[in-house]
Amino acid sequence: MSRPMSLPADSLHAINAVLDAAVEFSKRKHAKLGYCVAAAFDLLVSAEYYQSMTHRGWTYCSEGPTMLVYPFTNTCPRCVSNGHFQFVKGNKPESGRIGMVTVEILCHILQYMFNREGKEAKVVKASEPIDMIIFDYRASHILIAEVKAAPLLTLPLSVTCEKQTEMLEGSAIASGHSATDNPFFKSSELNLLIPKTKDSEETPVPISVDWGASSPFYSAIGNLVSENRSFFETYYVYWHRAFEAYCGRNRNDPPFWLTNGCGQPVPRPDAWPSRKGSGYESVSDGKTSVGMDRTDDIKKGIFQVLKLGVEYKPSDPQKRIRTALMSNIHAVRHYSEYLESLRDIVWAIDESGTARLMADLDPDCAIYNLFDGILSFTRCDIRDAWLSSLFAFGGEDGV
Ligand SMILES: [Zn+2]
């Protein structure tokens with residue numbers, strides 16, 4: 001049932017380097033380890049996003065110092081930090097292509113965490129209908145999981161550039177904000193751009209990309225976190241602020257507008273474009289999820305976990321098999337409506353069709369948890385001792 005991983009060795013090296021930095025930062029600053037790992041997940045998925053970068057899709061931002069920006073939501077990340085929405089076309093890759101990689105990154109992160117804590121567990125990417133399997137080395141406990149994972153935030157890339165000019169009535173004038181190509185991005189000095197907040201200045205962080213490497217951006221980010229010890233902290237502070245803004249739907253804090261699924265600008269500027277058909281463009285639409293926090297994903301996920309349970313649990317008399325819904329970030333906005341009332345469900349198979357009480361069932365009739373775990377780095381609901389020991393780092397109390 002397991003499937004070979006496909007990320008090349010230098011990607012794995014980068015994953016370890018980013019996780020080393022996250023763990024080190026968590027220890028040094030007493031930050032919640034699960035949150036630091038969730039931030040690390042976003043940074044690693046970003047590497048995958050950056051790999052699909054092209055010469056098209058850049059934006060000239062006329063705010064000083066002038067820059068070309070490569071954004072991932074549909075608003076200029078610099079201008080929104082200055083309080084105004086400037087529509088740009090975000091460069092989010094197709095979700096199908098990214099989906100497989102997010103599962104694989106999640107597998108590697110979990111394996112790293114279990115190894116670090118001396119847990120004898122092996123994590124593998126699985127094939128349909130299972131996304132991920134975790135088992136202990138004696139296979140006396142086996143988790144089969146449905147994964148719904150997606151990043152909260154992808155930092156834009158930037159390149160400093162000259163102030164652009166254009167001709168108006170015979171005179172050269174400064175150009176305004178505009179979509180543009182970057183014909184030289186492979187020879188440009190690229191930065192990861194951490195936009196300014198109410199408490200911190202804009203920080204372009206130079207990255208050195210070796211275009212001959214098999215995974216240029218994984219290597220670049222791996223080298224960055226290893227060589228620049230303060231980077232992870234600067235990144236995490238911004239990420240955490242975006243996470244808080246996401247949790248509280250705080251549209252007044254600019255990092256909110258870099259998070260996936262943030263919706264339409266409020267207030268909408270007059271020049272904001274309308275969408276083909278009806279309505280207006282969003283900064284990031286509701287079809288884009290954060291973690292498992294999209295209603296369609298949650299509903300599919302619940303069904304899939306139930307189906308996995310029904311297919312695998314009754315034929316496992318030793319009760320080795322557990323089922324879980326797994327993500328990087330929990331269903332922040334939809335937890336209470338979609339998961340809270342289901343998290344403690346247990347089920348049994350009653351072929352008589354008449355049972356109303358447990359006492360009506362055969363005394364040997366097994367009952368099963370719907371969810372042995374609803375698992376993520378930011379919150380875990382667990383009904384199983386083995387999973388509790390494995391995922392002690394996840395969730396709000398994990399330090
Ligand atoms: Zn701008």
Side-chain angles (χ1 to χ4, degrees), residues 42 46 49-50 52-93 151-168 172-185 188-207 234-235 237-239 241-242 245-246 250-275 280-285 288:
D42 278 14
S46 300
Y49 280 26
Y50 302 152
S52 60
M53 185 171 54
T54 68
H55 295 91
R56 301 277 168 89
W58 293 76
T59 291
Y60 169 66
C61 179
S62 49
E63 297 273 338
T66 51
M67 288 182 195
L68 301 186
V69 181
Y70 196 77
F72 291 89
T73 59
N74 297 335
T75 196
C76 176
R78 303 183 74 214
C79 290
V80 83
S81 300
N82 287 328
H84 57 274
F85 292 100
Q86 178 75 52
F87 180 81
V88 297
K89 193 85 195 95
N91 289 294
K92 199 164 173 294
L152 169 77
L153 166 80
T154 306
L155 289 179
L157 296 166
S158 71
V159 176
T160 51
C161 71
E162 292 171 13
K163 198 176 202 176
Q164 306 289 290
T165 52
E166 61 194 59
M167 209 51 105
L168 181 71
I173 59 156
S175 300
H177 216 278
S178 57
T180 186
D181 295 347
N182 178 358
F184 306 109
F185 81 80
S188 303
E189 291 190 0
L190 288 170
N191 300 292
L192 293 186
L193 183 65
I194 299 178
K196 82 171 181 191
T197 67
K198 291 179 182 120
D199 301 318
S200 59
E201 290 304 309
E202 177 175 79
T203 313
V205 182
I207 51 169
T234 311
Y235 163 72
V237 168
Y238 189 84
W239 183 92
R241 188 165 186 140
Y246 175 79
N250 184 3
R251 296 182 175 89
N252 295 321
D253 202 21
F256 177 83
W257 299 104
L258 276 75
T259 64
N260 283 322
C262 60
Q264 294 196 359
V266 180
R268 188 176 57 239
D270 293 341
W272 193 259
S274 53
R275 193 181 270 159
Y280 289 88
E281 287 284 357
S282 61
V283 176
S284 175
D285 68 26
T288 310

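Residues take their numbers from the sequence shown, with the count starting at 1. One-based numbering, in listed order, for ligands and for the atoms of each. Keep in mind the model is a prediction, meaning the values are calculated, not measured.
Listed by chain and number, the protein N, O or S atoms at a distance under 2.8 Å from the Zn ion (ligand 1) are Cys61 SG, Cys76 SG, Cys79 SG, His177 NE2.
Of the inter-residue distances, the one linking Phe87 atom CZ with Ser282 atom OG reads 8.5 Å to the nearest 0.5 angstrom. Annotation: the span from Asp285 atom CG to Arg275 atom CZ amounts to 6.0 Å, rounded to 0.5 Å. Atom OH of Tyr60 is separated from atom CG of Leu68 by 8.5 Å, given to the nearest 0.5 angstrom.
The shortest non-hydrogen separation linking Pro71 to Gly57 is CD-O, 3.9 Å. Across all their heavy atoms, Thr54 and Tyr70 have their closest contact at N-OH, 3.3 Å.
Tested against Thr75, the residues Thr59, Leu258, Val283 include a single side chain to side chain contact (heavy atoms under 4.5 Å, CB included) partner, Val283.
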